[in-house]
Amino acid sequence: MNVNDAEIVLAILKNNDFEPTKDLIEADVILILTCAIRDSAEEKIWGRLGFLKGLKRTRKKDRPSRLLGCMAERLKTKVLETSDMVDLVAGPDSYRDLPRLLSLTDTDQRSVNVLLSLDETYADISPVRLNENSISAYVSIMRGCDNMCTYCIVPFTRGRERSRPVSSILREVEQLSEKGVKEVTLLGQNVNSYRLKPKKGGLRFADLLNRVAAVNPEMRIRFTSPHPKDFPDEVVEVIRQHSNVCKNLHMPAQSGNSVVLERMRRGYTREAYLELVRSIRLKLPDVALSSDFICGFCGETDEEFEDTLSLMEEVRYNQAYLFAYSMRERTTAHRRFKDDVPPDVKQRRCLKRNKI
Ligand code: SF4
């Protein structure tokens, strides 16, 4: 997601006469695109800000950095009030406002815009690719999320779910095809719920995938992530019909225990997840599956975590990622539950996964 956001920011700034540089000393403006999904991601940003502060005196323009994205939205004015390392904060829906915000900092004012939008999809912006020579590209099809999994901060930092118009997605895929891009990954927090207004009866993800796949049968199409709670048969059917839609599915399970899944508000049980895997493998026998898991979520016992390990063994993923839970403020878990699994137990559970 952040690569795609960076490409949107680049396009907006290029249209306003900025040119990108990788030279930190020469740069007039340093933008840091942030992620708030885990505590460790935020820690890295603080480290980076400290490093850039150390560089300040050697830089041509002795200016603080500018913070963009989810962490900016999460910490809002707190960053400006408590740190002299930043003078501009812009949330994920305010990138269009960047030229104005930057001009304010030019007159030594601190600027902030973290308003979330109900309809911003940057549909009319053609992202400028960070690596023009790459044969792969990301195309955002929607922004935000309405699912409210109890551990997740995304609905609070990236706002309500919005789908990008199909014509704008197809136009971008066509342009990428003309530029020789060989592989496109469609991006959304929950691609299954892609739907154009009206929410009921609008065009669905399966239709979009079908149209994207038809743009260039030589171009490989991937997508991430589908939510296991509402994986439609139609999507599997489209994958089956198009040889250029990769038979790789990333299906984040998060836990293998139904009680933990309920606490996480994931909307499916272990049994329903396994049934979905079985039915997908029946229709797509050569499908490659990958997944994300969390260990040490609030109240998770050793036995409940064993169910996660046994699910991994049963599904035999091609790839599975296991992350130690880190509680995020503003989430439902933060309000309702206790982060009561000690860090050493989370660590031990993470290590156990390596033995599978
Ligand atoms: S589906 Fe759940 S985990 Fe994924 S972004 Fe939405 S709230 Fe977060």
Side-chain angles (χ1 to χ4, degrees), residues 1-5 33-42 69-74 91-93 116-118 120-121 138 140-164 185-195 199 204-205 222-232 235 249-270 272-273 276 289-298 300 308 311 317 319-337 339:
M1 295 287 167
N2 269 3
V3 172
N4 190 254
D5 271 22
L33 200 59
T34 62
C35 168
I37 206 146
R38 268 181 285 280
D39 199 36
S40 55
E42 284 194 8
C70 296
M71 181 180 166
E73 200 290 331
R74 192 180 90 76
D93 288 344
L116 290 173
S117 159
L118 289 176
E120 178 63 273
T121 58
Y138 294 103
S140 171
I141 63 165
M142 57 205 295
R143 293 180 75 84
C145 183
D146 283 350
N147 278 317
M148 305 297 280
C149 301
T150 56
Y151 55 83
C152 183
I153 197 166
V154 167
F156 304 97
T157 57
R158 294 186 77 84
R160 301 298 304 264
E161 186 180 286
R162 295 141 266 166
S163 296
R164 181 178 163 191
T185 303
L186 305 178
L187 292 177
Q189 302 292 349
N190 173 14
V191 293
N192 305 350
S193 54
Y194 175 90
R195 192 178 296 195
K199 271 221 156 196
R204 305 292 312 266
F205 179 61
R222 298 175 185 275
F223 58 89
T224 190
S225 297
H227 197 304
K229 80 176 160 61
D230 50 9
F231 198 111
V235 172
L249 290 177
H250 185 67
M251 299 216 303
Q254 307 300 5
S255 170
N257 178 277
S258 296
V259 177
V260 176
L261 286 169
E262 195 178 337
R263 269 203 303 278
M264 291 176 162
R265 206 192 278 142
R266 287 292 289 172
Y268 52 88
T269 59
R270 173 192 175 94
Y273 185 90
L276 176 64
L289 296 178
S290 57
S291 190
D292 294 327
F293 290 90
I294 295 170
C295 71
F297 183 61
C298 308
E300 185 190 66
T308 290
L311 186 89
Y317 294 101
Q319 253 179 332
Y321 304 93
L322 178 65
F323 301 99
Y325 173 64
S326 74
M327 184 173 259
R328 314 306 289 135
E329 279 173 26
R330 294 165 72 192
T331 58
T332 308
H334 185 255
R335 289 197 306 278
R336 288 210 197 138
F337 306 139
D339 185 11

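Whatever order the structure lists them in is the order used to number ligands and atoms, beginning at 1. All heavy atoms count here, side chains included; hydrogens, waters and symmetry mates do not. Please read all numbers here as calculations on a predicted model, not as lab measurements.
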| task | Examine distances only and state if a side-chain atom of S163 and a backbone atom of R195 form a donor-acceptor pair shorter than 3.5 Å. | result | yes
| task | Would you verify whether the NZ or CZ of R263 falls within 45 degrees of the ring axis of F297 while also being under 6.0 Å from that six-membered ring's centre? | result | no
| request: For residues F293 and Y317, establish whether the separation of their ring centroids is below 6.0 Å. | output: yes
| N, O or S atoms of the protein lying under 2.8 Å from atom 2 (Fe) of ligand 1 | C149 SG
| field | 4.5 Å side-chain heavy-atom contact, Q189 and N147 | value | no
| Which ligand 1 atoms does Y151 reach within 4.0 Å, using its non-hydrogen atoms? | 3 (S)
| CZ/R160: more than 12 non-hydrogen atoms of other groups inside 6.0 Å | no
| Sole residue of F205, Y194, Y138 in ring-ring contact (aromatic ring centres under 6.0 Å, His included) with F223 | F205
